[in-house]
Structure formats: structure tokens, C-alpha cells
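Notes follow once the structure below has been shown.
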Amino acid sequence: MPVVKINAISVPEGRGAELEKRFTERAREVESMPGFVGFQLLRPTAGEDRYFVVTEWEDEESFRAWVSSQAFTRGHARPAGPGGPVASHADLLEFEVALSAGRHAGTAGQA
């Protein structure tokens, strides 16, 4: 069953551009992972100050393989120096796809 993982990232004021740059530089790494379906980095607007990193996977095992991969470890290493961390806190939200419309229609809710 498809799963969606949303990482809600608190980013200090003025650090959003750096966060976006870092995700842009490493986006291709996740795209090559088996079971990867899609990725979105959502920039906050009115009423929210967190960024949301949304990934969709064919199944839980594919997501776990990504989290255990060297590419994930490299991408989440904390840079030293003035660049430093761009997040002050993050929460992982986890979902199964119960219903889907649009590009992914027909893949959700099938047993």
C-alpha cells in the first residue's frame, strides 16, 4: 500500500532560502531509490511557519530502505561552519494513502 511521509520542519527566519537550496542540490538522490513515487518541498505561506517535505513511496519497506541508505545519511549530515543547520525542529507525520485523485489515481486503497 502506498505511504506518504511528511517531515514538518521548523526553519528559523531568514534560513528558508538555504533550506530550499540544500534540498535542490540533493533531490536526485531520493529519485533513484527503489519504491520512490514522488517528492514535494512545500514553502510556508499564511498561517504556517514550517516547511513540509512530502514524499510518497510504494510501500513502507521502500521508505525504510531510503532512511537506511548512505544517500539519506549524507543528505542529513549537519554542515559545520557558518552554513550550519537550517532547521530548529522537525516532526515526521506518517500516512497510508486511502484515496487518491489526479496523477496517482487508481493506486491507493487497493489490497
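Note that the structure is predicted; figures quoted are calculated from it, not measured. In this chain, residues are counted from 1 in sequence order. The figures that follow rest on heavy atoms only: side chains count, while hydrogens, waters and symmetry mates do not.
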Once you round to the nearest 0.5 Å, how far does CZ of Arg15 lie from NZ of Lys21? 10.0 Å
When Arg22 is tested against each of Glu25, Glu20, Glu18 for salt bridge (Lys or Arg N to Asp or Glu O under 4.0 Å), which residue passes? Glu18
Residue pairs passing the salt bridge (charged side-chain N to carboxylate O under 4.0 Å, His left out) test where at least one lies in residues 1-13, sequence neighbours excluded: Lys5-Glu60, Lys5-Glu94
Of all the heavy-atom pairs spanning Met33 and Ser69, show the shortest one and how long it is. CE-CB, 4.1 Å
Geometric class of the Phe63/Trp57 ring pair [parallel <30°, tilted 30-60°, perpendicular >60°]: perpendicular
Given side chains that start at C-beta, do those of Arg50 and Ser10 come closer than 4.5 Å, heavy atoms only? yes
Drop me the distance from Thr55's OG1 to Leu41's CG, to the nearest 0.5 angstrom. 11.5 Å
Do Phe39 and Phe23 make a side-chain contact, defined as non-hydrogen atoms from C-beta onward lying under 4.5 Å apart? yes
Separation between CZ of Phe72 and OG of Ser68, rounded to the nearest 0.5 Å: 9.0 Å
Taken in chain and number order and not counting sequence neighbours, the residues that satisfy side-chain contact (heavy atoms from CB on, under 4.5 Å) with Asp49 are none
If you define the side chain from C-beta out and look only at heavy atoms, does anything of Met1 sit under 4.5 Å from Val97? no
Heavy atoms, side chains only, cut-off 4.5 Å: are Val3 and Glu96 in contact? yes
Would you mind checking if Glu61 and Arg64 are paired as a salt bridge, meaning a charged N to carboxylate O distance below 4.0 Å? no
Could you give the distance from CD1 (Ile6) to CG (Leu92), rounded to the nearest 0.5 Å? 9.0 Å
Can you measure from CG (Leu42) to CG (Asn7) and round to the nearest 0.5 angstrom? 11.5 Å
